[in-house]
Amino acid sequence: MTNEASERRGFEMLKIVVCVSGGGTNLQAIMNAMDEGRITNVEIMAVISNNRGAKALERAASRKIEAILMSPREYSDREAYHEAFTAKMCALDPDLIVLAGFLVRIPPQMVEIFGNRIINIHPSLIPSFCGVGYYGLKVHEKVLERGVKVTGATVHFVNEGMDEGPIISQKAVNVEENDTPELLQRRVMEEAEWILLPQAIDDIANKRIRLIDGKVLRGN
Ligand code: GAR
């Protein structure tokens with residue numbers, strides 16, 4: 001988000017909605033960073049999940065953050081879900097939408113309305129191991145199958161493509177010989193995701209990031 005865009009919206013405290021699908025460890029990392037002062041000027045308005053069983057919803061509710069379930073199963077078809085999800089987001093009207101392990105594609109109309117106000121964490125070094133079919137544990141399975149020696153995580157703005165928006169930050173993580181997908185997933189989370197995502201939110205909230213010609217620049 002550009003400084004100009006934030007000033008135009010005239011916010012002080014960045015109001016965010018966090019979207020989650022599962023365990024919610026990235027959501028937890030965000031909440032911990034807020035508690036510890038590593039994220040400032042941010043308020044979580046709500047947490048939205050597509051999955052009734054998501055532990056992330058419990059994590060939100062335990063902090064008295066509004067926890068909202070928006071399951072595609074409760075709608076007649078994908079288009080109806082997209083419309084309802086977009087309408088809900090417009091009613092909340094956050095300054096920033098954070099996809100923190102959200103494994104459902106964002107409706108195109110939401111991307112259009114919230115252009116450059118949606119960020120995503122992906123568990124690889126984009127443009128490797130991303131795009132259709134690459135999510136969650138599957139990413140780490142593919143990394144091990146291919147035998148690469150270095151992987152990592154990426155935070156990026158969301159555009160109409162799949163994992164194709166401007167890159168905000170990346171961090172490399174070594175692949176070890178005895179890794180299983182689960183071990184590698186945990187190391188990528190610990191060494192990269194739980195650091196990068198809170199940092200990116202703090203950078204946006206404190207206007208340290210500018211988006212110029214499709215690239216993210218730091219500083220004023
Ligand atoms: C995380 O590894 C996140 O990067 C990944 O899902 C996991 C969710 O974990 N996201 C994607 O694959 C998006 N394409 P969490 O629920 O414990 O944060």
Side-chain angles (χ1 to χ4, degrees), residues 16-34 39 44 46-63 65 67-72 85 97-108 110-111 118-146 148 150-175 179-201:
I16 69 173
V17 167
V18 184
C19 298
V20 292
S21 292
T25 64
N26 278 287
L27 169 66
Q28 191 64 53
I30 295 166
M31 296 190 302
N32 293 349
M34 289 171 72
I39 293 180
I44 303 178
V47 169
I48 299 183
S49 178
N50 60 302
N51 172 11
R52 184 178 295 282
K55 181 154 194 270
L57 286 174
E58 286 169 38
R59 293 183 199 264
S62 73
R63 297 199 31 141
I65 296 168
I68 301 166
L69 176 69
M70 296 267 342
S71 166
F85 186 19
I97 301 168
V98 178
L99 309 183
F102 191 60
L103 306 184
V104 175
R105 195 160 185 170
I106 291 295
M110 199 189 294
V111 174
I118 311 176
I119 64 170
N120 178 48
I121 178 100
H122 183 78
S124 76
L125 293 174
I126 289 175
S128 289
F129 303 103
C130 63
V132 176
Y134 287 85
Y135 57 88
L137 204 58
K138 287 187 195 298
V139 175
H140 306 291
E141 286 167 2
K142 301 272 187 199
V143 161
L144 292 177
E145 261 170 48
R146 185 63 186 83
V148 296
V150 177
T151 183
T154 303
V155 180
H156 64 94
F157 284 107
V158 172
N159 65 8
E160 60 290 341
M162 188 79 168
D163 299 329
E164 287 175 4
I167 291 173
I168 298 171
S169 54
Q170 296 187 294
K171 193 164 187 291
V173 174
N174 286 334
V175 179
D179 271 341
T180 60
E182 290 79 8
L183 278 174
L184 183 57
Q185 179 181 51
R186 182 77 192 180
R187 189 174 324 108
V188 169
M189 284 175 163
E190 281 176 359
E191 293 184 14
E193 295 187 43
W194 299 342
I195 300 164
L196 288 183
L197 188 57
Q199 247 170 23
I201 294 168

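Just follow the structure's listing: the first ligand is 1, and inside any ligand the first atom is 1.
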> Of Ser124, Gly101, Cys130, which has the heavy atom at the shortest distance from atom 8 (C) of ligand 1?
Replying inline: Gly101

Quick test: of every protein heavy atom, which one is nearest to [atom], and how far off is it to 0.1 Å?
atom	value
atom 9 (O) of ligand 1	Met189 CE, 3.4 Å
atom 16 (O) of ligand 1	Gly24 N, 2.7 Å
atom 12 (O) of ligand 1	Gly136 N, 2.7 Å
atom 4 (O) of ligand 1	Glu193 OE1, 2.8 Å

Is there a heavy atom in [X] that sits closer than 4.0 Å to ligand 1?
X	answer
Val20	no
Ala56	no
Ile121	yes

Let me confirm one number: the [atom1]-[atom2] distance from [X] to [Y], rounded to the nearest 0.5 Å.
X	Y	atom1	atom2	value
Arg63	Met34	CZ	CE	7.0 Å
Lys142	Ser124	NZ	OG	12.5 Å
Thr154	Lys171	OG1	NZ	12.5 Å
Asn120	Asn159	CG	CG	11.0 Å
Ile48	Cys19	CD1	SG	5.0 Å
Leu27	Ile44	CG	CD1	5.5 Å

>> Just checking Phe129: does its CZ atom have more than 12 heavy atoms from other residues, nucleotides or ligands closer to it than 6.0 angstrom?
In response: yes

>> Within the 3.5 Å criterion, strictly below it, is a donor on Asn50 or Ser21 matched to an acceptor on the partner's side chain?
In response: yes

>> With heavy-atom distances below 4.0 Å as the criterion, list the atoms of ligand 1 near Asn26.
In response: 1 (C), 18 (O)

> Near Leu103, which atoms of ligand 1 are under 4.0 Å from a heavy atom of that residue?
Replying inline: 6 (O), 10 (N), 11 (C), 12 (O), 13 (C)

> Can any side-chain N or O of Asp163 pair as donor or acceptor with the backbone N or O of Gly131 at less than 3.5 Å?
Replying inline: yes

> Applying a 4.0 Å heavy-atom criterion (strictly less than), which segment of Asp163 is in contact with ligand 1: side chain, backbone, both, or neither?
Replying inline: neither

> What do you reckon, does Thr25 have a nitrogen or oxygen under 3.5 Å from a nitrogen or oxygen of ligand 1?
Replying inline: yes

> Any N/O of His122 closer than 3.5 Å to an N/O of ligand 1?
Replying inline: yes

